[in-house]
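This report refers to the structure that appears directly beneath it.
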Amino acid sequence: MKIEDNIETFNSLVKRQGFVWGPSPEIYGGLAGFYSYGPAGMALKNNIISLFRKELRALGFSEVECPIVTPEIVWEASGHLERFIDPVIKCKKCESIFRADKFLKEQMPDAMIDGLSFKEMEVLIKSNSLTCPECDSEFDKIEDYNLMLKTNVGAGNTAYLRPETATTTYLLFNRLSQVLRKQYPLKVFQYGKAFRNEISPRQGVLRMRSFDQFELQMFISKEQEYNLEDFNDIKHNKLPLLDWRLQDKNIAIPNQIDLEDAIEKKILKKPAYAYCLYLSYFLISKLGYPDEVIRFRQHSPNEKAHYADDAWDLEVNTTQFGWVEICGIHDRTDYDLKRHGKYSKQNFEVSMDTNPSIKEIPQILEIAYGIDRIIYTLLETNFNVEDKRINLKLSKNVAPNQVAVFPLVKNKEKIRLLAKKIHRGLLQNLIYSYYDESGSIGKRYRRQDELGTPYCVTIDYDSLEDSTVTIRERDTMTQIRIDISEIPMTIKNGLPKIKE
RNA sequence: GCGCUCAUGGUCUAGAGGUAGGAUUUUGGGUUUCCAACCCAAAUACCCGGGUUCGAAUCCCGGUGGGCGCACCA
């Protein structure tokens with residue numbers, strides 16, 4: 001049977017094998033922008049998260065978790081309320097929609113638009129008899145389109161589902177400072193759901209209304225930003241950097257550049273920020289992307305978020321959607337703590353220097369991963385159609401099943417029992433093993449190839465005699481015979497390379 | 001949100017005013033000493049609501065969802 005090597009085959013695999021389903025709830029027709037993970041997708045996600053957790057613990061990061069529902073004032077302080085609510089005008093006749101402020105700026109380049117209230121903008125539209133550019137009809141009154149999902153708490157208190165996890169982490173600054181014993185920079189991360197009421201979500205899991213963020217924060221002093229010890233250990237690593245000046249010249253190929261060089265050449269300002277770029281790449285590099293699909297792209301000055309001094313995206317090149325942002329690295333300066341200090345009437349000035357009399361509001365460096373985007377891009381870039389088989393070349397660090405165990409035939413009870421015993425033994429060894437006895441042996445290998453399982457162990461007649469089994473490697477399909485006791489080690493270290 | 005277009009088993013699809021066919025998948029059984037083999041048996045579908053019609057999965061309207069273009073995407 002011929003398997004087409006195209007994106008349709010990939011998209012159907014994602015559904016068939018239970019990685020991602022949706023829009024959910026499918027039985028009711030679905031709601032755009034909401035997806036569910038099936039067993040394989042969830043296993044993959046859990047593996048990614050626990051890998052990140054393990055690495056971050058080694059790097060001195062601590063984890064927190066905050067509520068999703070947040071009072072209005074938080075987003076007033078953070079600036080999201082202002083920036084996430086767009087004034088929108090709709091044509092009475094053709095129902096075309098425009099951003100009121102943008103529309104006015106276009107129509108009246110000389111007028112001061114910023115800071116006008118909805119009423120004032122309406123007056124301006126009326127008094128200048130501005131009409132719909134599509135059909136020349138009148139506009140309806142201005143409405144707000146809120147990118148944050150709103151809800152009520154208790155007796156009608158307005159609250160919002162957080163549009164990012166980062167801000168909720170910042171609200172813990174006092175507590176964190178204390179419990180992490182003022183060892184600056186404070187290194188913290190939070191993993192959890194965030195919500196955005198996208199106007200028209202598209203591109204599947206890449207732009208969801210409910211999505212998973214995994215966000216690292218460093219609370220750091222101005223001095224440390226230019227003099228971070230951790231930077232020295234990694235400063236000679238090279239990263240594929242595409243700064244905005246290159247993009248301005250329509251260059252799409254990033255420079256592989258040594259981080260110390262990047263600082264000297266003023267592509268990057270601060271060593272601590274350069275360290276964040278490195279760190280973002282370091283975690284991603286554990287997941288098994290091919291090298292050539294990764295780049296860092298700097299935001300142009302007018303693309304940056306309202307809080308950012310510098311911003312780069314870690315992007316992955318996909319077949320279906322081109323370059324996709326999987327991680328944003330932001331220099332948020334002291335913007336957030338300044339604002340939250342002001343709105344909450346707290347004092348966030350702390351002494352971070354050796355001189356205790358010098359106090360300052362910490363700077364924040366942020367590394368924000370979109371987990372759903374990682375899952376999508378990882379699946380797509382690892383998807384391969386080979387001669388008559390689909391091979392999902394997931395790294396063994398993250399594959400849903402680390403190993404599958406098969407009895408060669410299912411009608412020989414002794415072989416079955418031994419296979420099941422080996423399977424249970426592997427599970428007890430904390431190895432994610434999957435047992436399968438249905439269908440021919442070849443079919444079972446193919447099933448696991450589609451799930452990205454790196455190894456398959458088969459128990460045959462010889463196994464009953466000498467306690468050996470065959471172990472098969474997914475990518476090469478080579479098999480060797482090993483003792484049952486050697487299975488865990490072989491899964492960990494891989495098959496010995498066969499000399500040619 | 002607008003315009004165009006599409007929606008059939010888990011997946012991929014054929015068909016079309018008279019209630020659905022294939023491939024694959026799944027399940028049970030047989031066979032099988034290592035890469036989607038074979039044999040037997042079975043299971044599963046016309047997105048939702050309304051209208052036209054003797055009869056609608058098919059035609060019409062609306063909704064929902066997908067794709068493309070525009071807008072949006074801090």
Side-chain angles (χ1 to χ4, degrees), chain A residues 1-4 6-9 11-18 21-34 38 75 78-86 88-91 93-99 102-103 132-135 143 145-148 163-164 166-167 194 196-204 206-209 299 302-308 311 320 325 328 330 368 386-391 406-412 415 438-450 456-464 469-472 474 477-479 481:
Chain A
M1 189 185 53
K2 175 106 177 84
I3 300 169
E4 298 288 333
N6 57 28
I7 202 70
E8 284 75 25
T9 307
N11 287 336
S12 110
L13 171 79
V14 167
K15 281 186 266 188
R16 262 187 316 115
Q17 289 294 2
W21 293 315
S24 301
E26 287 184 288
I27 60 165
Y28 288 107
L31 192 54
F34 296 92
W75 307 107
S78 73
H80 283 84
L81 204 55
E82 194 184 322
R83 295 295 297 246
F84 265 46
I85 293 185
D86 296 331
V88 172
I89 38 171
K90 199 194 247 178
C91 168
K93 194 173 158 202
C94 73
E95 303 203 310
S96 297
I97 286 197
F98 303 91
R99 276 273 298 272
K102 282 196 176 176
F103 177 72
C132 170
E134 297 287 327
C135 70
E143 288 175 41
Y145 186 87
N146 192 344
L147 236 39
M148 286 194 290
E164 61 165 24
T167 285
R196 286 176 202 182
N197 197 11
E198 302 285 354
I199 293 175
S200 75
R202 284 194 185 168
Q203 306 182 321
L206 296 188
R207 244 176 97 205
M208 294 201 285
R209 285 171 164 149
H299 284 203
N302 57 14
E303 187 185 356
K304 279 186 297 198
H306 59 283
Y307 46 68
Q320 195 157 215
E325 174 196 351
H330 298 120
E386 296 171 1
D387 187 33
K388 290 183 184 168
R389 69 163 182 158
I390 292 173
N391 185 10
F406 311 140
L408 181 59
V409 290
K410 74 170 164 181
N411 60 358
K412 294 287 177 288
I415 293 183
S438 88
S440 71
I441 191 74
K443 180 175 265 186
R444 283 175 269 164
Y445 286 143
R446 293 294 188 268
R447 271 187 205 131
Q448 294 307 313
D449 291 343
E450 291 196 350
C456 294
V457 166
T458 302
I459 289 76
D460 57 18
Y461 292 86
D462 291 350
S463 309
L464 300 175
V469 297
T470 63
I471 182 162
R472 172 227 192 225
R474 179 192 64 207
M477 294 195 279
T478 53
Q479 267 182 328
R481 195 152 196 107

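The figures here come from the full heavy-atom set of this structure, side chains too, leaving out hydrogens, waters and symmetry mates. Not measured: the values here are computed from a predicted model. Residue numbering restarts at 1 for every chain, and letters A, B, ... go by the order of the sequence lines.
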Residues that A:Glu26 engages under side-chain contact (heavy atoms from CB on, under 4.5 Å), provided they are two or more places apart: A:Trp21
Among B:C35, B:C72, B:A74, the one nearest A:Ser200 by side-chain distance: B:C72
Distance-only donor-acceptor test, A:Arg481 side-chain atoms vs B:C34 base atoms, 3.5 Å: no
Distance, C1' atom - from B:U11 to B:G63, rounded to whole angstrom: 27 Å
Under-3.5 Å donor-acceptor pair between A:Glu198 side chain and B:A74 base: no
Sugar-phosphate, base or nothing in reach of A:Lys410, heavy atoms under 4.0 Å: base
Polar side-chain contact A:Arg389-B:C35 base: donor and acceptor under 3.5 Å: no
Enumerate the protein-to-nucleotides 3-12 of chain B contacts in which both atoms are nitrogen or oxygen and the separation is below 3.5 Å.
unit_1: B:U11; atom_1: O2'; unit_2: A:Ser12; atom_2: OG; d: 2.9

Touch class at under 4.0 angstrom, heavy-atom based, for A:Arg83 against every strand present: sugar-phosphate
Sequence-distant partners of A:Arg16, salt bridge (Lys or Arg N to Asp or Glu O under 4.0 Å), two or more places apart: A:Glu450
Closest nucleotide among B:C35, B:C72, B:G65 to the A:Ile199 side chain: B:C72
Which residues share a side-chain contact (heavy atoms from CB on, under 4.5 Å) with A:Asp387, sequence neighbours left out: none
Dump every N/O contact between nucleotides 44-50 of chain B and the protein below 3.5 Å, one line per pair.
none

Value rounded to 0.5 Å, distance of OG1 in A:Thr470 from CG in A:Asp460: 6.0 Å
Between C1' of B:U33 and CZ of A:Arg444, the distance in whole Å: 12 Å
Verdict with supporting geometry, A:Gln320 and A:Asn11, side chain to side chain contact (heavy atoms under 4.5 Å, CB included): CA-CA 10 Å; A:Gln320 195 157 215; A:Asn11 287 336; 3.0 Å; yes
Proximity to the side chain of A:Arg196 - top-ranked nucleotide from B:C34, B:U32, B:A74: B:A74
A:Arg447 side-chain N/O to B:U26 phosphate OP1/OP2 under 4.0 Å: yes
Closest to the A:Thr470 side chain, choosing from B:C34, B:C73, B:U31: B:C34
Shortest side-chain distance from A:Glu450, nucleotide among B:G66, B:A36, B:U26: B:A36
Face-to-face contact A:Tyr28 to B:U64 six-ring, under 5.5 Å, under 30°: no
Pairing residues for A:Glu325 by the side-chain contact (heavy atoms from CB on, under 4.5 Å) criterion, not counting sequence neighbours: A:Asp313, A:Arg373
Enumerate all atom pairs, one protein N or O and one N or O from nucleotides 37-40 of chain B, separated by less than 3.5 Å.
unit_1: B:A37; atom_1: OP2; unit_2: A:Ser440; atom_2: OG; d: 3.0

Residues which pass salt bridge (Lys or Arg N to Asp or Glu O under 4.0 Å) with A:Arg389, listed by chain and number, not counting sequence neighbours: A:Glu386, A:Asp449
Set of salt bridge (Lys or Arg N to Asp or Glu O under 4.0 Å) partners for A:Arg447, sequence neighbours left out: A:Asp436
Paired and unpaired positions of RNA chain B as dot-bracket, Watson-Crick or G-U wobble under 3.5 Å, | denoting a partner strand: (((((((..((((....[..))))((((((.......))))))...(((((..]....))))))))))))....
Touch class at under 4.0 angstrom, heavy-atom based, for A:Asn411 against every strand present: base
Sugar-phosphate only, base, or nothing, as touched by A:Gln203 at under 4.0 Å among non-hydrogen atoms: sugar-phosphate
Heavy-atom closest contact (A:Pro201 atom, A:Arg209 atom, distance): CD-NH2, 3.5 Å
With A:Tyr28 via side-chain contact (heavy atoms from CB on, under 4.5 Å) - residues at least two apart: A:Pro25
B:U64 glycosidic torsion: syn (within 90° of 0) vs anti: anti
With A:His80 via ring pair (Phe, Tyr, Trp, His ring centres under 6.0 Å) - residues at least two apart: A:Trp75, A:Phe84, A:His306
